[in-house]
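Quick notes on the structure that follows.
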Amino acid sequence: MAKGPHPLFSLPGQIALVTGAGSASGIGFATARLLAELGCKVALCATGPRVHERSAELRALGHVANGYIGDLRNAQEVTALVAQVQSDLGDIDVLVNNAGMVQDGGRESFTPLAELDDAAWHDDIARNLTTCYLVTRRVLPDMLARKRGRIVNVSSVTGPLVSNPGEAAYSAAKAGMVGMSRALALEVAMQGVTVNCVAPGWVATESQHPQEAQAARHTPMGRAGTATEVASAIAFLAMPGASYVSGQLIVVDGGNCLQESKG
């Protein structure tokens with residue numbers, strides 16, 4: 001007799017909002033696709049119209065998926081976007097804060113702190129930390145009212161564990177995300193909501209620089225990770241089976257942080 005999905009490791013009928021899901025090769029879209037395969041209705045958010053291409057791809061596969069455009073640095077836009085998702089799909093059960101790095105059409109810059117202008121600092125913090133705060137702040141009250149929810153924040157090994165020259169602002173934002181997540185995990189622990197972070201290392205996406213691809217060849221596994229490998233860790237934290245995991249940072253870097261000599 002054929003068996004259905006195990007209830008501890010499936011998400012039938014749940015609503016998931018995934019930010020930063022516009023890139024076809026990115027962690028956000030890989031996460032949205034996997035959550036849809038596990039039974040979620042998914043809302044994909046990005047800063048540009050390509051998010052509608054991603055949601056159309058999922059609908060073509062038979063999933064319920066909507067695309068939304070918004071600047072998540074803007075509190076009013078976030079409020080409107082979350083309200084629209086709730087109106088279209090229902091109460092949000094799973095929130096994946098993946099937005100950050102660079103916006104569609106932008107390029108990541110590496111600037112020493114002594115040369116960094118204030119606007120660039122504030123922009124990096126806004127893209128990589130404030131976006132996470134604003135979306136979480138607007139989704140969280142409903143989760144608390146229903147005493148149910150999963151929040152997974154995509155941080156990075158850069159900041160919480162390691163860093164690179166020229167990435168002071170990015171590192172500060174990603175480390176700040178982990179600190180915020182731990183504090184929030186304590187605040188909501190008795191109310192059925194878990195809050196965790198996933199920290200990717202080198203991941204082969206379209207935004208990966210050639211130098212990063214080269215560095216990935218010096219990991220213990222000799223390669224970069226894939227967006228799907230990171231999405232798998234995110235999906236686990238969204239599962240009923242992860243109900244006793246909160247306030248944690250799960251590193252997905254092929255063991256790279258373990259080694260002192262990286263070649």
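Formation of a donor-acceptor pair under 3.5 Å by the Lys174 side chain with backbone atoms of Val154 is found in this model. Of the possible donor and acceptor atoms, one in the side chain of Gln259 sits under 3.5 Å from a partner among the backbone N and O of His218. Ser87 contributes no side-chain N or O that, together with a main-chain N or O of Ala83, makes up a donor-acceptor pair within less than 3.5 Å. In terms of modelled atom types and a separation under 3.5 Å, the side chain of Asp93 and the main chain of Gly149 share no donor-acceptor contact. Side chain of Gln14 to backbone of Gly39: no donor-acceptor contact under 3.5 angstrom is found. Here the side chain of Arg146 pairs a donor or acceptor atom with the backbone of Ile92 at under 3.5 angstrom. Between the side chain of Arg54 and the backbone N or O of Gly22, at least one donor-acceptor pair lies under 3.5 Å. The main-chain N or O of Ala65 is never found under 3.5 Å from a side-chain atom of His63 such that the two would form a donor-acceptor pair. When atom types are taken as modelled, the side chain of Thr219 and the backbone of Arg223 share a donor-acceptor pair closer than 3.5 angstrom. Ser155 places no side-chain N or O within 3.5 Å of a backbone atom of Met177 that could act as its donor or acceptor partner.
The shortest distance between side-chain heavy atoms of Val152 and Val195 does not fall below 4.5 Å. Looking at Arg73 and Thr130, their side chains never come closer than 4.5 Å, going by heavy atoms from C-beta outward. Residues Asn128 and Tyr170 are in side-chain contact: their nearest non-hydrogen atoms beyond the backbone lie under 4.5 Å apart. A heavy-atom distance below 4.5 Å is found between the side chains of Ile125 and Trp121. Using a 4.5 Å heavy-atom threshold, the side chains of Asn256 and Pro220 count as touching. At least one side-chain heavy atom of Val198 sits less than 4.5 Å from a side-chain heavy atom of Val252. In this structure, Leu11 and Met239 have side chains that are in contact, with non-hydrogen atoms separated by less than 4.5 Å. A heavy-atom distance below 4.5 Å is not found between the side chains of Val245 and Thr194.
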I would like to know whether Val64 and Val42 meet side chain to side chain contact (heavy atoms under 4.5 Å, CB included); could you show each step before the answer? CA-CA 6 Å; Val64 177; Val42 292; over 6 Å; no

Should Leu72 and Thr19 be marked as a side chain to side chain contact (heavy atoms under 4.5 Å, CB included) after you check the CA-CA gap, both sets of side-chain angles, and the distance that decides it? CA-CA 9 Å; Leu72 301 185; Thr19 71; 3.6 Å; yes

Show, in sequence, the C-alpha distance, side-chain angles and deciding distance for Glu57 and Leu61, and conclude whether the side chain to side chain contact (heavy atoms under 4.5 Å, CB included) test is met. CA-CA 7 Å; Glu57 288 180 45; Leu61 296 172; 5.9 Å; no

Run the side chain to side chain contact (heavy atoms under 4.5 Å, CB included) test on Asp91 and Met143 for me, step by step, so that the C-alpha distance in whole Å, both residues' side-chain angles and the decisive distance to 0.1 Å come before the verdict. CA-CA 8 Å; Asp91 296 326; Met143 287 184 171; over 6 Å; no

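With rounding to the nearest 0.5 angstrom, the CE atom of Met180 is 3.5 Å from the SG atom of Cys132. Here CG of Leu140 is found 8.5 Å from CD of Glu187. Values are rounded to the nearest 0.5 Å. Of the inter-residue distances, the one linking Asn196 atom CG with Leu237 atom CG reads 4.5 Å to the nearest 0.5 angstrom. One distance of note links OG1 of Thr228 with CG of Leu34; it measures 7.5 Å at 0.5 Å rounding. Rounded to the nearest 0.5 Å, atoms CZ (Phe29) and CD (Glu53) are 10.0 Å apart. Rounding to the nearest 0.5 Å gives a distance of 10.5 Å between CG of Asp71 and CG of Leu81.
Pro240 and Ser10 make their closest contact through CD-O, 3.6 Å (heavy atoms, listed as atom of the first residue, atom of the second, distance). Across all non-hydrogen atoms, the minimal contact from Val203 to Pro200 is CG2-CB, 3.8 Å. Contact record, Ala233 with Ile250: CB-CG2, 4.5 Å, taken as the closest heavy-atom pair. Ile151 approaches Leu184 most closely through the heavy-atom pair CD1-CD2, 4.3 Å. Residues His52 and Ile69 come closest through the heavy atom pair NE2-CD1, 3.6 Å. When all heavy atoms of Gly26 and Thr205 are compared, the pair lying nearest together is CA-CG2, 4.2 Å.
Side-chain polar atoms of Asn97 and Thr136 form a donor-acceptor pair below 3.5 angstrom. Side-chain atoms of Asn153 and Ser181 form a donor-acceptor pair, as typed in the model, at a separation below 3.5 Å. For Thr158 and Ser171, the side-chain atoms include no donor-acceptor pair closer than 3.5 Å.
The cluster map of Ile, Leu, Val, Met, Phe, Trp and Tyr, joined by side-chain heavy atoms under 4.5 Å apart, puts Val178 and Val135 in different clusters. Hydrophobic clustering of Ile, Leu, Val, Met, Phe, Trp and Tyr side chains at less than 4.5 Å, counting indirect connections, unites Val18 with Leu58. Taking hydrophobic clusters as Ile, Leu, Val, Met, Phe, Trp and Tyr residues chained together by side-chain heavy-atom distances below 4.5 Å, Leu249 does not share a cluster with Val188. Both Leu17 and Leu134 are members of a single hydrophobic cluster when ILVMFWY side chains are connected at heavy-atom separations under 4.5 Å. One hydrophobic cluster holds both Phe9 and Leu35 under the rule that ILVMFWY side chains link at heavy-atom gaps under 4.5 Å.
Within a 6.0 Å sphere centred on CZ of Arg137, heavy atoms belonging to other residues, nucleotides or ligands number 12 at most.
Using a 4.0 Å cut-off between a side-chain N of Lys or Arg and a carboxylate O of Asp or Glu, Arg138 and Glu77 do not qualify as a salt bridge.
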